[in-house]
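Please read the structure below before turning to the comments.
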2 protein chains.
Amino acid sequence: MPVAADRTTSDRLLDAAVELFARHGFHGTSIRDIAERAGVNVAAGHYHYGSKAGLYLAVLRAQFAEVRSELARRGIEPPASAVRRASRRELVRLFEARVTAMLEFLLGPPPSAHGQLMLREMCDPTEALPIIVAEFIEPQTREMERLVARLIPDAAREVVSDIAFSVIGQVLFYRFTMPVALRLRRESRYPRGFARKTARHITTFSLNAIDGMAAGARSRARAR
Amino acid sequence: MPVAADRTTSDRLLDAAVELFARHGFHGTSIRDIAERAGVNVAAGHYHYGSKAGLYLAVLRAQFAEVRSELARRGIEPPASAVRRASRRELVRLFEARVTAMLEFLLGPPPSAHGQLMLREMCDPTEALPIIVAEFIEPQTREMERLVARLIPDAAREVVSDIAFSVIGQVLFYRFTMPVALRLRRESRYPRGFARKTARHITTFSLNAIDGMAAGARSRARAR
DNA sequence: GGTCGATTAAAACATCCGTTTGACCATGGC
DNA sequence: GCCATGGTCAAACGGATGTTTTAATCGACC
């Protein structure tokens, strides 16, 4: 089943490589598989990308550049000034919107290749990992920190950072443990609306945690 | 660097295989690498375990049987009746002890092979995944649910389950994203006491969340 | 029309892979 | 002593792998 034909050889290689690397990993995918799927010669990979590793790197570069622009397109990257001025109600809305967007983005349907490739980089970090961090994880963490900082004022930078990590952690968790979660649920894929429903839970859980920690900090401050 | 010598061939194979499968994955590890590390002949793997896949399966069986007994040894598996009778203070202590034990277990030092093998099964599920679920994830989830159920009485089973997932999620997250977390921190491994410190954060975060959700449920009940 | 650089194609290369074979060796029962 | 048995070994097998080589093809430009 070759990829769409009206594209350059290098693009078709990239498309096929995304599919197969995501599905079977670097070691589990052969140049010949990729070439066959792309409908090109085995030598094309080396000609256009130098080596198998070069092709893999190009795949991740392309994917996570796309991730960044996709997230920007969905408009969940409001200018920092907007977050600074937002009311509590607006902050909560932004929080849930962000969590929902990330989950929908990662869980599909169909399940995106991004999540799988990211997971693979956690298993076997390559020189592509810095790209993923820079293009996806770092900006998402910073934006989340900005939101959290407004939701729990006067908290130490480190506390804010830990909380942002807990939130992002819950989100990524639902992607990374998908095979297990589905097995526990005895289903073959997440049901319709699962991302939204899960986002609601994570939001509720996390906002209660944040509010509780803020209240705790206030009462400790009074006791001093 | 061969493995200790005063053991049977099949045991030395298993030891070497744990190391290498954890480090480089199934596809990334060759029978020859394993045999060399174990100091035995290449044919030994097939003789004792039938095939490479058979050896891999044996590795995971052994590892996660060990996990189960190790967790039992650490005494964080109190009989269900103890949880049923525990005071709030005791429940909180059990909660933090469980989170701490899981984190110390997963993060090391040195980082355990279990976590890495588990992560690999999330990437490429094999017939070993049911073993991991049955030996580790399922029991941990059930125990956590039991604790959570006591901490937020009268909650629906589904809510309890979601919360338990959020807690386990945060714990596994710190293992799964280790390469990224370390990169963001610009360190090569987690500092001493990191597991304990992180367990404190997860406990604080989660208990605040649970208490908040419990209070929210109560006030909604009153409004009705 | 011819030249040249860029691209594609087929074939070959060397290496590595999982697996199998058949010989060798120790041990224990008869 | 001798065979049966279970374990270990070097060697080889067939196939797959990433990569390279070499030749053919295409398109633009003078």
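Each chain gets a letter, A, B and so on, in the order its sequence line appears, and its residues count up from 1. Computation of the quantities below employed the complete heavy-atom set of this structure, encompassing side-chain atoms and omitting hydrogens, waters and symmetry-equivalent molecules. Nothing here was measured: the structure is a model prediction, and the numbers come from that model.
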Quick note, salt bridge (charged side-chain N to carboxylate O under 4.0 Å, His left out) partners involving residues 113-123 of chain B, not counting sequence neighbours, are Asp124(A)-Arg120(B)
Which parts of nucleotides 15-24 of chain D does protein reach within less than 4.0 Å, heavy atoms only, written one letter per nucleotide 5' to 3' as B for base, S for sugar-phosphate only and - for none? --BBBB----
Given atom CG of Leu13(A) and atom P of dA9(C), what is their separation to the nearest angstrom? 11 Å
Would you be so kind as to tabulate the donor-acceptor pairs closer than 3.5 Å made by side chains of residues 170-179 of chain B, with sequence neighbours excluded?
| from | atom 1 | to | atom 2 | distance (Å) |
| --- | --- | --- | --- | --- |
| Gln170(B) | OE1 | Ser166(A) | OG | 2.8 |
| Gln170(B) | NE2 | Ser166(B) | O | 3.4 |
| Gln170(B) | NE2 | Ser206(B) | OG | 3.2 |
| Arg175(B) | NE | Leu106(B) | O | 3.3 |
| Arg175(B) | NH2 | Gln116(B) | OE1 | 3.1 |
| Thr177(B) | OG1 | Phe173(B) | O | 2.7 |

Whole-Å distance between dT7(C) C1' and Tyr47(A) OH? 5 Å
Heavy-atom check, side chain of Phe95(A) versus side chain of Val167(A), under 4.5 Å: yes
Would you indicate, yes or no, if dT8(D) has its OP1 or OP2 atom less than 4.0 angstrom from a side-chain nitrogen or oxygen of Thr9(B)? yes
Could you state the OH-P distance from Tyr49(B) to dG18(C), rounded to the nearest angstrom? 17 Å
So, Tyr56(B) side chain and Ala128(B) main chain: donor-acceptor pair closer than 3.5 Å or not? no
Just to verify, what does Glu66(A) make a salt bridge (Lys or Arg N to Asp or Glu O under 4.0 Å) with, not counting sequence neighbours? none
What is the separation between atom CD on Glu36(B) and atom P on dG18(C), rounded to the nearest whole Å? 14 Å
Could you pull out all residues at least two apart from Glu19(A) that satisfy salt bridge (Lys or Arg N to Asp or Glu O under 4.0 Å)? Arg23(A), Arg37(A)
Could you work out how much the helix from dG1(C)-dC30(D) to dC30(C)-dG1(D) bends, comparing the axis of its first five pairs with that of its last five, to 10°? 20°
Arg142(B) CZ: over 12 foreign heavy atoms closer than 6.0 Å: yes
Non-hydrogen atoms of Glu145(B) and Ser161(B) that approach each other most closely: OE2-OG, 3.4 Å
With a cut-off of less than 4.0 Å, is there a side-chain N or O of His48(B) near OP1 or OP2 of dT8(D)? yes
